[in-house]
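Since the structure comes first, as structure tokens, the remarks are kept for the end.
Here is the naming used below: chain letters follow the sequence lines, and residue numbers restart at 1 for every chain. This one's a predicted model, so the numbers in the text were calculated from it and none came from an experiment.
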Protein chains: 2
Amino acid sequence: MPTDRKALINDIRRFNRLYTGLIGLLDETFLHSAYTLTEARVLFELGRRPGHIAPVAGGKTGFLARALQLDLAPAASEIARALQLDAGYVIRILRKFSAAGLTETRSGPDVMRRRILSLTQRGLAALTSLQAAADRDLARLTAALGDEEAVELSDMLARLSSLLDTAVASDRLEMP
Amino acid sequence: MPTDRKALINDIRRFNRLYTGLIGLLDETFLHSAYTLTEARVLFELGRRPGHIAPVAGGKTGFLARALQLDLAPAASEIARALQLDAGYVIRILRKFSAAGLTETRSGPDVMRRRILSLTQRGLAALTSLQAAADRDLARLTAALGDEEAVELSDMLARLSSLLDTAVASDRLEMP
DNA sequence: GCAGAAAACTTGGCTATGTCAACTATTTAG
DNA sequence: CTAAATAGTTGACATAGCCAAGTTTTCTGC
């Protein structure tokens with residue numbers, strides 16, 4: 001292995017340590033909320049998927065939809081995959097949400113298709129409030145940065161995301 | 001709040017999502033090892049602190065040492081703080097390590113100062129093996145990147161660490 | 001359109017992870 | 001010397017999250 005790769009790996013490890021600590025700090029926001037950390041993540045994930053906010057009436061979840069990468073696939077399993085969580089665990093969280101009136105299953109005439117979830121107004125409100133809290137903390141955290149540094153940081157994060165995406169994607173292809 | 005700050009916060013959130021997923025992938029390395037994720041983190045932390053590998057005989061842990069930021073402070077509490085874990089929890093992990101012969105408490109002539117830990121040869125071996133596994137995974141992950149990209153990534157991580165350090169540090173000062 | 005495969009859902013049981021409160025021992029500050 | 005901090009220690013407890021096994025629903029090949 002070339003030297004620069006060793007250096008890179010070392011740098012990633014160092015950064016990992018730093019960022020893990022930072023995430024720990026930011027997560028406190030959620031711990032002070034009415035939801036657990038994972039519940040919050042699930043809530044965010046529900047909000048991120050338009051298909052779950054406003055499900056297409058009668059939308060098919062079959063081969064075609066999947067091929068087109070439509071976001072209409074069943075909720076629990078998809079969220080579990082996205083967040084790397086156990087499916088059973090996610091189901092329980094979703095049921096808790098449902099019981100709290102945050103989500104609803106707008107089942108059309110076809111009762112079987114019970115899996116498509118959507119956020120209720122109440123769920124959307126909960127999400128918005130969580131987002132606001134998280135934003136407030138991030139604003140506080142980045143308050144010390146100058147305007148130039150802020151822009152620099154944004155640019156780096158974007159580039160970094162792109163690089164990591166490439167890496168992760170090709171890693172996935174190799175070892176599925 | 002200026003527009004660029006909102007953009008920055010959004011970018012951070014996006015990056016957070018990506019990186020959280022990445023960390024989840026990398027953590028699998030440890031889950032497949034003989035240690036749990038947290039145990040592995042504690043082991044790494046022990047290895048990171050030279051004071052714990054080779055404690056200075058008779059080293060003082062008092063006011064002076066603290067003022068000079070010497071790394072001779074008691075093990076458990078320090079590790080707990082660094083990793084944001086409960087002290088009692090850390091103690092138990094450390095005892096488990098001790099029982100497995102990974103660490104030892106080399107108490108000097110002063111019996112009272114029973115807190116300084118060090119890794120045994122066996123502990124060091126365990127750590128080395130874990131590091132190797134983690135390195136292997138990181139190498140695989142970054143294999144798809146070109147040499148130029150690797151260097152670019154290293155540079156960005158360093159710069160990013162510096163920016164985040166600044167932010168976190170001044171955040172701590174404001175709200176201790 | 002039907003049989004079997006694949007994928008999603010669901011549940012119970014379990015371990016690891018982590019919290020909390022209480023108490024003791026030691027160290028530091030005044 | 002005394003107070004207050006700081007560390008360590010322990011038990012009891014709660015939660016998070018995984019696993020395996022079973023059920024239901026959807027997809028695929030014929």
Q) Okay, side chain of Thr29(A), backbone of Ala133(A): is any donor-acceptor separation there less than 3.5 Å? A) no
Q. Is Tyr89(B) reachable from Leu83(B) through a run of hydrophobic residues whose side-chain heavy atoms are each under 4.5 Å from the next?
A. yes
Q. Charged N to carboxylate O under 4.0 angstrom, Glu45(A) versus Arg48(A)?
A. yes
(Q) Rounded to whole Å, how long is the line connecting atom CD1 of Ile79(A) with atom P of dT10(C)? (A) 12 Å
Q: State whether the distance check finds a donor on one side and an acceptor on the other, under 3.5 Å, for side chain Arg95(B) versus base dG8(D).
A: no
Q) Nearest 0.5 Å, what's the CG-CG distance between Leu157(B) and Asn10(A)? A) 11.5 Å
Q | Whole-Å gap separating P (dT23(D)) and CD1 (Ile91(A)) | A | 16 Å
Q | Closest non-hydrogen atom pair between Ser161(A) and Leu18(B), with its separation | A | CA-CD2, 3.5 Å
Q. Which listed nucleotide (dC19(D), dT10(C), dT19(C)) is nearest to the side chain of Asp86(B)?
A. dT19(C)
Q: Please evaluate the base of dG12(C) for a donor-acceptor partner in the side chain of Arg92(A) within a cut-off of under 3.5 Å?
A: yes
Q. How close or far is atom P of dC9(C) from atom CZ of Arg81(A), stated in whole angstroms?
A. 9 Å
Q: Take the protein atom CD of Glu78(A) and the nucleotide atom C1' of dA7(C), then report the distance between them rounded to whole Å.
A: 13 Å
Q. What's the spacing between Ile12(A) CD1 and Asp137(B) CG if we round to 0.5 Å?
A. 11.5 Å
**Q.** Between C1' of dA12(D) and OH of Tyr89(B), the distance in whole Å
**A.** 16 Å
Q: Find the distance Leu85(B):CG to dT19(C):P and express it as a whole number of Å.
A: 7 Å
Q. Above 12 or not: heavy atoms from other molecules or residues under 6.0 Å from CZ of Arg159(B)?
A. yes
(Q) In this structure, would Leu160(B) and Val151(B) fall into the same cluster of hydrophobic residues linked by side-chain contacts under 4.5 Å? (A) no
Q: Identify whether the distance between the nearest side-chain nitrogen and carboxylate oxygen of Lys6(A) and Asp135(B) falls below 4.0 Å.
A: no
Q: Answer yes or no: does a side-chain N or O of Ser77(A) lie under 4.0 Å from OP1 or OP2 of dA7(C)?
A: no
Q) Tell me: CG of Leu83(A) to P of dA16(D), nearest whole Å? A) 15 Å
Q) Quick one: Leu117(B) CG to dA7(D) P, roughly how many Å, whole number? A) 14 Å
(Q) Taking the axis from the first five pairs and the axis from the last five, what angle separates them in the helix from dG1(C)-dC30(D) to dT27(C)-dA4(D), rounded to 10 degrees? (A) 40°
Q) Taking DNA chain C as the partner, which of residues 28-43 of chain B come within under 4.0 angstrom of it by heavy atom? A) Thr36(B), Leu37(B), Thr38(B)
